[in-house]
Amino acid sequence: MSRFVLKFGGSNLKSRDDLFKILDVVKMYKGSLIVVVSAVYGVTNQLIDAVSKIDRLDVDAFLQSLYERYRSFIGKDDEELKDRVFEIRDVLLGSKLLKEVPVEFQDYIVSHGERCSSLMITRFFNEHGLDFEEALPEQFGLVTDGKFGNATVDLEASRRNAVAFFKKNRNYVVPGFYGLHDGRVTILGRGGSDYTATSLAYCLDAERVDLYKDVSGFMTCDPKHVKNVKPVKMLSYDEAAELSYFGAKILHHATVEPLRKKGIPLYVFNINQFKGIDEPDTIITANGSTTKDVVKSISFTDDIAIVQFKGSNVGRVPGLLGQIASTFGAENINIKSVITAQTSINVLISRQDLEKSKKIVSKLNIPEVEQIDFKTNISLIAAVGNGVLQKHGIAARIFSAVSKEKINVLMISAGASEVTVYFIVSVEDRDKALRAIHEEFFGGVENEND
């Protein structure tokens with residue numbers, strides 16, 4: 001029997017009507033199903049807010065308001081669901097006494113929205129004639145590396161557990177977003193339910209993974225910033241991963257990695273414009289394809305800052321880059337990229353890590369570094385497509401389009417990935433640069449992916 005993994009995100013859980021949309025979709029599948037669900041829309045933010053204001057939180061009023069949200073979905077009282085909502089009461093009350101939430105409890109609280117969703121949807125399926133049972137990560141053993149806030153799934157340990165737990169001819173509802181390490185809940189980062197779905201597909205050798213969103217898959221650019229964007233029908237694993245890494249919010253950045261290991265395809269659907277389970281908006285597979293104009297999509301992120309180490313000879317000092325990287329790593333700061341020259345080493349980090357970076361580099365004692373600068377208010381733009389580095393003239397077209405708009409490019413990198421060229425501009429120039437490149441590659445011409 002074929003096994004499919006389906007994932008429904010928070011944007012698919014805004015009202016009771018959405019439960020019926022999900023029900024209609026699930027009924028179309030023939031085979032064994034693993035349905036991964038996110039928290040109801042907005043609930044994760046409510047839980048994060050509760051953690052941040054724990055000393056002022058009215059715990060019972062907060063949990064009752066959460067339960068009322070679920071009651072509005074199911075249309076009646078449900079004692080089991082109410083008990084589930086109130087499961088975090090003791091943790092919240094204990095933290096309130098401490099006036100802070102210990103780090104080992106934060107992920108448990110923030111992940112609670114997914115546990116409530118999985119119970120609610122399991123009961124909804126059962127009441128409407130579908131035979132599903134709930135499976136929690138703490139029951140079947142989704143193992144992580146234990147990093148609170150942004151954990152990575154241990155695929156092999158999870159596979160051994162999942163194979164022993166899941167029956168081949170049964171259907172399950174699974175809460176996404178979290179796993180466990182030594183019995184402690186660790187979340188997979190925002191959007192982590194996508195990652196849960198593909199990790200389970202790896203563990204259970206699923207035929208494919210279908211992600212349901214409220215947008216029409218990947219587009220040639222973010223429609224909030226560029227008009228006349230077009231759908232992207234096909235992407236390779238590398239292209240999807242790079243777009244996600246460089247800001248495309250449609251996928252969690254680690255989503256495709258479990259699929260790559262077994263060549264499992266990923267289909268992305270817009271549930272609000274659903275045409276059928278074999279008519280996805282975007283298909284992501286191992287097989288790369290190259291279009292005539294090569295660039296398939298343009299992504300960007302403003303969550304970027306540069307720490308620039310300057311010195312007349314820093315590019316030639318053996319071990320210097322390793323010393324910098326190990327210092328950042330020791331403070332749990334992720335280096336997004338590094339661009340070096342003879343006179344400077346440029347470390348790209350998340351903007352939220354900037355203040356921590358300023359503190360640690362102030363303690364570095366490297367004689368060759370004569371000056372350290374910090375650059376913010378910048379945006380990283382990435383043009384992604386199989387062949388961007390191989391086909392003659394693609395980079396020239398990108399930067400010519402930007403140059404015509406008199407935009408100053410602050411930094412360029414190509415070659416770090418075979419499918420990506422990225423560069424940095426000031427935030428003020430970001431949208432103008434996006435529009436210029438989009439016009440150059442997608443202008444009024446019909447996209448080949450259509």
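Using a 4.5 Å heavy-atom threshold, the side chains of Asp302 and Arg430 count as touching. Within the 4.5 Å cutoff, side-chain heavy atoms of Lys21 are placed close to those of Asn272. Contact check for Phe423 versus Leu410: no side-chain heavy atoms found under the 4.5 Å cut-off. Using a 4.5 Å cut-off on side-chain heavy atoms (C-beta onward), Val163 and Cys203 make no contact. Under the 4.5 Å side-chain criterion, counting only non-hydrogen atoms from C-beta, Glu114 is in contact with Thr44. Using a 4.5 Å heavy-atom cutoff, the side chains of Ile271 and Ile22 are in contact. Between Ile394 and Val295, some side-chain heavy-atom pair lies under the 4.5 Å cut-off. Ile345 has its side chain out of reach of Lys310: every pair of non-hydrogen atoms, C-beta onward, lies at least 4.5 Å apart.
With sequence neighbours excluded, the residues that form a ring-ring contact (aromatic ring centres under 6.0 Å, His included) with Phe8 are Tyr212. The side chain to side chain donor-acceptor pair (under 3.5 Å) check on His438 picks up Thr220, with sequence neighbours excluded. Looking at residues two or more places apart in sequence or on another chain, you find a salt bridge (charged side-chain N to carboxylate O under 4.0 Å, His left out) between Arg208 and Asp210, Asp278. By the side chain to side chain donor-acceptor pair (under 3.5 Å) test, Ser193 is found to be paired with Ser38, residues two or more places apart in sequence or in another chain being considered. When the ring-ring contact (aromatic ring centres under 6.0 Å, His included) test is applied to His181, no partner is found at least two apart in sequence or on another chain. Residues that satisfy the side chain to side chain donor-acceptor pair (under 3.5 Å) test with Asn270, not counting sequence neighbours, are Ser216. Every residue two or more places apart in sequence or in another chain that forms a ring-ring contact (aromatic ring centres under 6.0 Å, His included) with Phe140 is listed here: Phe166. By the salt bridge (charged side-chain N to carboxylate O under 4.0 Å, His left out) test, Asp205 is found to be paired with Lys262, residues two or more places apart in sequence or in another chain being considered. Contacts of Asn161 classified as side chain to side chain donor-acceptor pair (under 3.5 Å), with partners at least two apart in sequence or in another chain: none.
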Counting only pairs under 3.5 Å, give me each side-chain donor-acceptor contact of residues 319-330, with atom names and distances, residues two or more places apart or in other chains.
unit_1 : atom_1 : unit_2 : atom_2 : d
Ser326 : OG     : Gly322 : O      : 3.1
Ser326 : OG     : Gln323 : O      : 3.0
Thr327 : OG1    : Gln323 : O      : 2.8

Would you give me the side-chain donor-acceptor pairs under 3.5 Å for residues 95-104, sequence neighbours excluded?
unit_1 : atom_1 : unit_2 : atom_2 : d
Ser95  : OG     : Val91  : O      : 2.8
Lys96  : NZ     : Asp55  : O      : 3.2
Lys96  : NZ     : Leu57  : O      : 2.8

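A salt bridge links Lys14 with Asp214: the closest approach of a Lys/Arg side-chain nitrogen to an acidic carboxylate oxygen falls below 4.0 angstrom. Ionic pairing of Lys296 and Glu239 is present here: one or more N-O contacts between side-chain nitrogen and carboxylate oxygen are shorter than 4.0 angstrom. A salt bridge between Asp281 and Lys233 is absent, with no side-chain N of the basic residue lying under 4.0 Å from a carboxylate O of the acidic one. Classification of Glu134 and Arg84 as a salt-bridged pair holds, one side-chain N sitting under 4.0 Å from a carboxylate O.
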Test ring pair (Phe, Tyr, Trp, His ring centres under 6.0 Å) applied to Phe86 and Tyr67, step by step: CA-CA 8 Å; Phe86 276 74; Tyr67 171 64; 7.4 Å; no

Kindly indicate, with the supporting measurements, whether the criterion side-chain contact (heavy atoms from CB on, under 4.5 Å) is fulfilled by Phe246 and Tyr422. CA-CA 9 Å; Phe246 288 116; Tyr422 73 82; 3.5 Å; yes

Where do Arg397 and Asp293 land on the salt bridge (Lys or Arg N to Asp or Glu O under 4.0 Å) test, with the steps shown first? CA-CA 10 Å; Arg397 288 178 63 187; Asp293 280 334; 3.2 Å; yes

Applying salt bridge (Lys or Arg N to Asp or Glu O under 4.0 Å), run through Asp238 and Arg260 and close with a yes or a no. CA-CA 9 Å; Asp238 284 347; Arg260 188 196 302 275; 2.6 Å; yes

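Side-chain polar atoms of Ser350 and Asp303 form a donor-acceptor pair below 3.5 angstrom. A donor atom on one side chain and an acceptor atom on the other are not found under 3.5 Å apart for Tyr237 and Glu242. Checking Glu428 against Asn377 by side-chain atom types alone, a donor-acceptor pair falls below 3.5 Å.
The main-chain N or O of Ile339 is found under 3.5 Å from a side-chain atom of Asn346 such that the two form a donor-acceptor pair. Not a single donor-acceptor pair under 3.5 Å links the side chain of Ser344 to the backbone N or O of Thr340. Using modelled atom types, one side-chain atom of Asp145 and one backbone atom of Lys147 make a donor-acceptor pair closer than 3.5 Å. Judged by distance alone, the side chain of Ser117 and the main-chain N or O of Val37 form no donor-acceptor pair under 3.5 Å. In terms of modelled atom types and a separation under 3.5 Å, the side chain of Asp18 and the main chain of Ser15 share a donor-acceptor contact. Side chain of Asn45 to backbone of Gly42: no donor-acceptor contact under 3.5 angstrom is found. At least one donor-acceptor pair under 3.5 Å links the side chain of Thr144 to the backbone N or O of Gly146. The backbone N or O of Phe218 sits less than 3.5 Å from a side-chain atom of Thr282, completing a donor-acceptor pair. Between the Ser357 side chain and the Asp353 main chain, a donor and an acceptor come within less than 3.5 Å of each other.
Under a cutoff of 6.0 Å and an axis angle of 45°, Arg159 and Tyr202 do not form a cation-pi pair. Both the sub-6.0 Å distance and the 45° axial angle are not jointly satisfied by Lys230 relative to the ring of Phe442. Both tests hold for Arg115 against Tyr178: distance to the six-membered ring centre under 6.0 Å, angle to the ring axis within 45°.
Legend: salt bridge (Lys or Arg N to Asp or Glu O under 4.0 Å) pairs involving residues 190-201, not counting sequence neighbours, sorted by first then second residue: Lys7-Asp194, Asp194-Lys213.
Tyr41 OH: 12 or fewer foreign heavy atoms inside a 6.0 Å radius. Heavy atoms from other residues, nucleotides or ligands lying under 6.0 Å from NZ of Lys404 number 12 at most.
A tilted orientation is assigned to the rings of Tyr172 and Phe165, their planes being inclined by 30° to 60°.
The shortest non-hydrogen separation linking Val256 to Ala240 is CG1-CB, 4.1 Å.
Under the 6.0 Å cut-off for aromatic ring centres, Tyr195 and His253 do not qualify, their centroids lying 6.0 Å or more apart.
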